[in-house]
**Student:** 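Sharing a structure here in structure tokens format.
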Amino acid sequence: MARALRVAAVGDLHCTRASEGTLQPIFAKVAESADVLVLCGDLTDYGTAEEARVLAKELSATKVPTLAVLGNHDFESGGAPEVTQILADAAGVTMLDGTATEVLGVGFAGVKGFAGGFGERALQAWGEEPIKAFVRAALEEALKLESALARLRTPGRVALLHYAPIRETAGGESAEIFPFLGSSRLEEPLNRYRPSVVFHGHAHRGQPEGATAAGVPVYNVALPLLRRHYPEQPPFRVVLVPVPDEAPAGPRPSATLTRPGVPAEPARPVSA
Ligand SMILES: [Fe+2]
Ligand SMILES: [Fe+2]
């Protein structure tokens with residue numbers, strides 16, 4: 001019988017100076033219902049050191065290991081390295097950027113990701129140099145995700161991103177901003193390495209659940225979206241990722257979804 005690690009996920013905290021005291025209750029609930037917390041970018045609103053310090057203080061409400069990727073907002077003030085440093089030093093957060101780590105028998109691979117759109121209509125590297133540079137940025141993030149996933153050897157594996165890797169979980173956003181919500185290029189490594197579960201944020205008005213073409217469950221855990229879809233529950237999702245007692249070789253365990261106060265249920269990928 002496999003054990004399971006309870007992985008809580010939320011993104012788009014958009015922490016500001018005014019957030020002091022408002023995030024602590026959420027993190028306290030996380031500590032009650034999960035073994036690990038992952039934060040899917042837009043940790044701060046303007047990417048300032050001051051905002052990062054507020055978030056680090058708020059995070060002291062949970063003692064569970066915490067991993068995070070940055071989002072686009074964390075770059076706004078040009079201080080992303082400092083935001084990363086503060087969260088790592090003051091709150092002990094493991095910051096992932098094309099890197100991977102193992103926590104309590106489960107592997108985690110994280111990358112911010114980038115935009116460019118989905119499917120056949122995704123932006124192509126053609127024409128002006130700024131367009132090529134834009135597409136190159138998306139390709140680089142996809143390569144970083146691929147190399148992070150390739151390093152993981154655990155049967156249970158979690159991928160965390162900020163940008164959406166599939167169109168489905170961005171669905172509902174206005175057509176004008178769709179190409180800026182994520183990139184199909186991020187889906188390719190997910191289909192190849194098939195982690196147990198993928199979390200992302202960024203699409204505040206997207207959909208909470210989807211799946212890659214290979215059936216990998218994808219959860220949009222942007223905090224505003226969770227508040228809207230699950231107003232009665234704390235704004236994070238919990239997925240149970242099996243941890244085999246002896247980590248045997250064989251079929252890869254799939255993730256199970258649960259919500260605080262609600263019995264665990266299998267994570268049903270919505271059709272791709
Ligand atoms: Fe956001
Ligand atoms: Fe964002």
Side-chain angles (χ1 to χ4, degrees), residues 8-19 22-23 26-27 30 37-48 50-52 54-56 58-59 66-84 87 93 95-98 110-118 122-123 134 137-138 140-142 144-145 159-187 198-210 218-230 234-237:
V10 61
D12 301 271
L13 299 169
H14 290 269
C15 184
T16 68
R17 276 191 302 178
S19 300
T22 64
L23 298 172
I26 299 171
F27 297 139
V30 167
L37 169 64
V38 301
L39 301 174
C40 295
D42 284 357
L43 311 173
T44 62
D45 206 26
Y46 279 80
T48 66
E50 187 180 18
E51 290 175 342
V54 171
L55 178 56
E58 296 295 293
L59 279 166
T66 302
L67 305 96
V69 294
L70 295 179
N72 54 315
H73 276 247
D74 302 309
F75 284 79
E76 171 58 20
S77 300
E82 195 178 4
V83 169
T84 295
L87 291 172
V93 178
M95 300 297 295
L96 299 175
D97 177 20
V111 72
K112 173 178 64 66
F114 198 56
F118 305 95
L123 188 65
F134 191 98
E140 281 168 10
E141 290 294 298
K144 282 160 69 175
L145 175 60
L160 54 148
L161 300 87
H162 180 59
Y163 284 84
I166 58 171
R167 183 200 307 265
E168 195 177 358
T169 46
E173 295 270 13
S174 28
E176 289 83 358
I177 64 166
F178 228 78
F180 306 106
L181 296 172
S183 167
S184 290
R185 292 187 165 93
L186 298 164
E187 184 185 354
V198 181
F199 296 112
H200 74 84
H202 190 56
H204 293 200
R205 291 174 188 78
Q207 296 301 311
E209 299 177 10
V218 177
Y219 296 102
N220 179 348
V221 292
L223 188 141
L225 176 147
L226 295 181
R227 284 204 197 281
R228 200 167 52 252
H229 278 265
Y230 311 109
F236 55 84
R237 302 213 61 181

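Note that the coordinates shown come from a computational prediction; the quantities given were computed from them, not determined experimentally. In listed order, ligands and their atoms are each counted from 1.
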**Student:** In terms of relative ring orientation, are His204 and His14 parallel, tilted or perpendicular, with 30° and 60° separating the classes?
**Tutor:** perpendicular
**Student:** Identify, by name, the N, O or S atom of Asp12 lying closest to the Fe ion (ligand 1).
**Tutor:** OD1
**Student:** Look at Asp42 and state whether any of its N, O or S atoms is less than 2.8 Å from the Fe ion (ligand 2).
**Tutor:** yes
**Student:** I'd like to know: is the Fe ion (ligand 2) within the 2.8 Å range of an N/O/S atom from Tyr163, strictly under that distance?
**Tutor:** no
**Student:** Supply the atom-to-atom distance His162 NE2 to His73 NE2, rounded to the nearest 0.5 angstrom.
**Tutor:** 7.0 Å
**Student:** Mind telling me whether Phe134 and Phe114 have parallel, tilted or perpendicular rings, with 30° and 60° as the class edges?
**Tutor:** tilted
**Student:** Could you please compute the angle at the Fe ion (ligand 2) from OD1 of Asn72 to ND1 of His202, rounded to 10°?
**Tutor:** 100°
**Student:** Return the minimal non-hydrogen interatomic distance between Ser183 and Ala138, and the atom names on each side.
**Tutor:** OG-CB, 4.2 Å
**Student:** Between Ser184 and Phe118, what is the shortest heavy-atom contact and its length?
**Tutor:** OG-CA, 3.0 Å
**Student:** Does any N, O or S atom of His204, backbone or side chain, fall under 2.8 Å from the Fe ion (ligand 2)?
**Tutor:** no
**Student:** May I ask you to check if any N/O/S atom from His162 comes under 2.8 Å of the Fe ion (ligand 2)?
**Tutor:** yes
